[in-house]
Peer 1: 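My structure is below; once you've seen it, I'll send some questions.
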Amino acid sequence: MVAAGFSSFDTMVDKANHVLKEIEHAYGWPKERRKQSYAALRAVLHHLRDRLSVDEAVHFGAQLPTLLRGVYYDGWKPAETPVKLTGEEFFRRVRHDFPYAIEGDTEQLVRTVLHVLENHISEGEWKDLKARMPDSMSAVMPS
């Protein structure tokens, strides 16, 4: 547990670290690769957010743990969304924003992050999100 000196902040940091640990565990990374799990989460969240309409992005973002919600909204330009992306374009953009070597491929990285995110989003919201994605993207999303 990280001690920020205020229990609500400590809880937010713990929840965010828990998600990062889940990504590390699922991808097989040691804790020393925390910057990579963060970079992967950030890249996937940003391009997922930008692919959604403003209303859809807000509904999805509201379900994220508080600290991750800040990461999700960081740099968002609602007037420039949604950005129509195919699955391949999505993977290219995630890869561009992930500055580390990838074991496997970008699709595996995206699948790993999405699988972890699914555990932190309500089933109904996840189904809505998946239904709004083009087939090429919904195919990589866990069901």
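FYI, the numbering just counts along the sequence from 1. Computed from a predicted model, the values in this text were never measured in an experiment. Note: hydrogens, waters and symmetry copies are ignored here, and every other heavy atom, side chains too, is used.
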Peer 1: Kindly work out whether a path of hydrophobic side-chain contacts (I/L/V/M/F/W/Y, heavy atoms less than 4.5 Å apart) joins F9 to V19.
Peer 2: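 No: no chain of side-chain contacts under 4.5 Å links F9 to V19.
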
Peer 1: For residues Q36 and E24, determine if any side-chain heavy atom of one lies less than 4.5 Å from a side-chain heavy atom of the other.
Peer 2: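 Heavy-atom side-chain distance check fails, nothing below 4.5 Å.
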
Peer 1: Any donor and acceptor pair, going by atom type alone, linking the side chain of W76 with main-chain N or O of D50 inside 3.5 Å?
Peer 2: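 Looks like no, no N/O pair under 3.5 Å.
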
Peer 1: Between K130 and M141 (side chain of the first, backbone of the second, donor and acceptor by atom type, cut-off under 3.5 Å), is there such a pair?
Peer 2: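 Side chain of K130 to backbone of M141, a donor-acceptor pair under 3.5 Å: yes, one is there.
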
Peer 1: Using residues 58-67 as the side-chain source, report each donor-acceptor pair under 3.5 Å to any protein atom, sequence neighbours left out, with the distance given to one decimal.
Peer 2:
| from | atom 1 | to | atom 2 | distance (Å) |
| --- | --- | --- | --- | --- |
| Q63 | OE1 | S122 | N | 2.6 |
| Q63 | OE1 | S122 | OG | 3.3 |
| Q63 | NE2 | S122 | OG | 3.3 |

Peer 1: Would you say that V83 contacts R51 through its side chain, given a criterion of any heavy-atom pair below 4.5 Å between the two side chains?
Peer 2: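 No, their side chains stay 4.5 Å or more apart.
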
Peer 1: Side chains of V113 and I23, heavy atoms from C-beta outward: is any pair under 4.5 Å?
Peer 2: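 Answer yes - side chains close enough.
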
Peer 1: Return yes when atom NZ of K15 has more than 12 non-hydrogen atoms of other residues, nucleotides or ligands closer than 6.0 Å, and no otherwise.
Peer 2: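 Counting other residues, nucleotides and ligands, NZ of K15 stays at 12 neighbours or fewer.
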
Peer 1: Rounded at 0.5 Å granularity, tell me how far CG in L129 sits from CD1 in I121.
Peer 2: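 The CG atom of L129 sits 8.0 Å away from the CD1 atom of I121.
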
Peer 1: Treating Ile, Leu, Val, Met, Phe, Trp and Tyr as nodes and any side-chain heavy-atom pair under 4.5 angstrom as an edge, say whether W126 and V140 lie in one connected cluster.
Peer 2: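 W126 and V140: one cluster.
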
Peer 1: Mind checking whether S136 and T86 have side chains closer than 4.5 Å, heavy atoms only?
Peer 2: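 Sidechains of T86 and S136: in contact.
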
Peer 1: For the residue pair L109 and V44, establish whether any side-chain heavy-atom pair is separated by less than 4.5 Å.
Peer 2: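 With C-beta onward as the side chain, the pair stays apart.
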
Peer 1: How close do T106 and F91 get, heavy atom to heavy atom, and via which atoms?
Peer 2: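 The pair with the smallest heavy-atom distance is CG2-O, 3.3 Å.
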
Peer 1: So do L114 and L48 actually touch side chain to side chain, heavy atoms under 4.5 Å?
Peer 2: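 The answer is yes, as the side chains (C-beta and beyond) meet within the 4.5 Å cut-off.
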
Peer 1: Mind checking the OH-CZ spacing from Y27 to R33? Nearest 0.5 Å is all I need.
Peer 2: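 The OH atom of Y27 sits 8.0 Å away from the CZ atom of R33.
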
Peer 1: If we count only N and O atoms by modelled type, under 3.5 Å, do the side chains of R34 and Y38 hold a donor and an acceptor together?
Peer 2: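 The criterion, which ignores hydrogens and geometry beyond distance, is not satisfied for Y38 and R34.
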
Peer 1: Quick check for you: to the nearest 0.5 Å, what is the distance between R132 atom CZ and M137 atom CE?
Peer 2: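 Reported value, rounded in 0.5 Å steps: 14.0 Å.
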
Peer 1: Could you tell me whether the side chain of Y73 and the main chain of L68 form a donor-acceptor pair under 3.5 Å?
Peer 2: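 Not confirmed, Y73 side chain does not pair with L68 backbone.
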
Peer 1: Got a donor-acceptor contact below 3.5 angstrom from the H46 side chain to the V71 backbone?
Peer 2: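 Answer holds: yes.
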
Peer 1: Donor-acceptor pairs under 3.5 Å, side chain of residues 93-102 to any protein atom, not counting sequence neighbours: which ones?
Peer 2:
| from | atom 1 | to | atom 2 | distance (Å) |
| --- | --- | --- | --- | --- |
| R95 | NH1 | F98 | O | 2.6 |
| R95 | NH1 | Y100 | O | 2.9 |
| R95 | NH2 | Y100 | O | 3.0 |
| D97 | OD2 | H47 | NE2 | 2.7 |

Peer 1: When rounded to the nearest 0.5 angstrom, what distance separates CE in M133 from CG in D128?
Peer 2: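 The distance works out to 11.0 Å.
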
Peer 1: Going by atom types alone, do E22 and H115 pair a side-chain donor with an acceptor below 3.5 Å?
Peer 2: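 No, no side-chain donor-acceptor pair sits under 3.5 Å.
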
Peer 1: Evaluate the criterion side chain to side chain contact (heavy atoms under 4.5 Å, CB included) for residue pair V116 and L41; output intermediate values, then yes/no.
Peer 2: CA-CA 9 Å; V116 169; L41 176 64; over 6 Å; no

Peer 1: Surrounding CD of E123 (heavy atoms of other residues, nucleotides or ligands, distance under 6.0 Å), is the total greater than 12?
Peer 2: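 No, not enclosed.
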
Peer 1: Under 4.0 Å between a Lys/Arg side-chain N and an Asp/Glu carboxylate O for E107 and R92?
Peer 2: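 No, no charged N to carboxylate O under 4.0 Å.
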
Peer 1: Evaluate the side-chain proximity of S37 to W29: yes if any heavy-atom separation is below 4.5 Å, no if none is.
Peer 2: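 Yes, their side chains come closer than 4.5 Å.
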
Peer 1: So how far is it from E56 CD to E125 CD, rounded to the nearest 0.5 Å?
Peer 2: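 Going from CD on E56 over to CD on E125, the span is 8.5 Å.
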
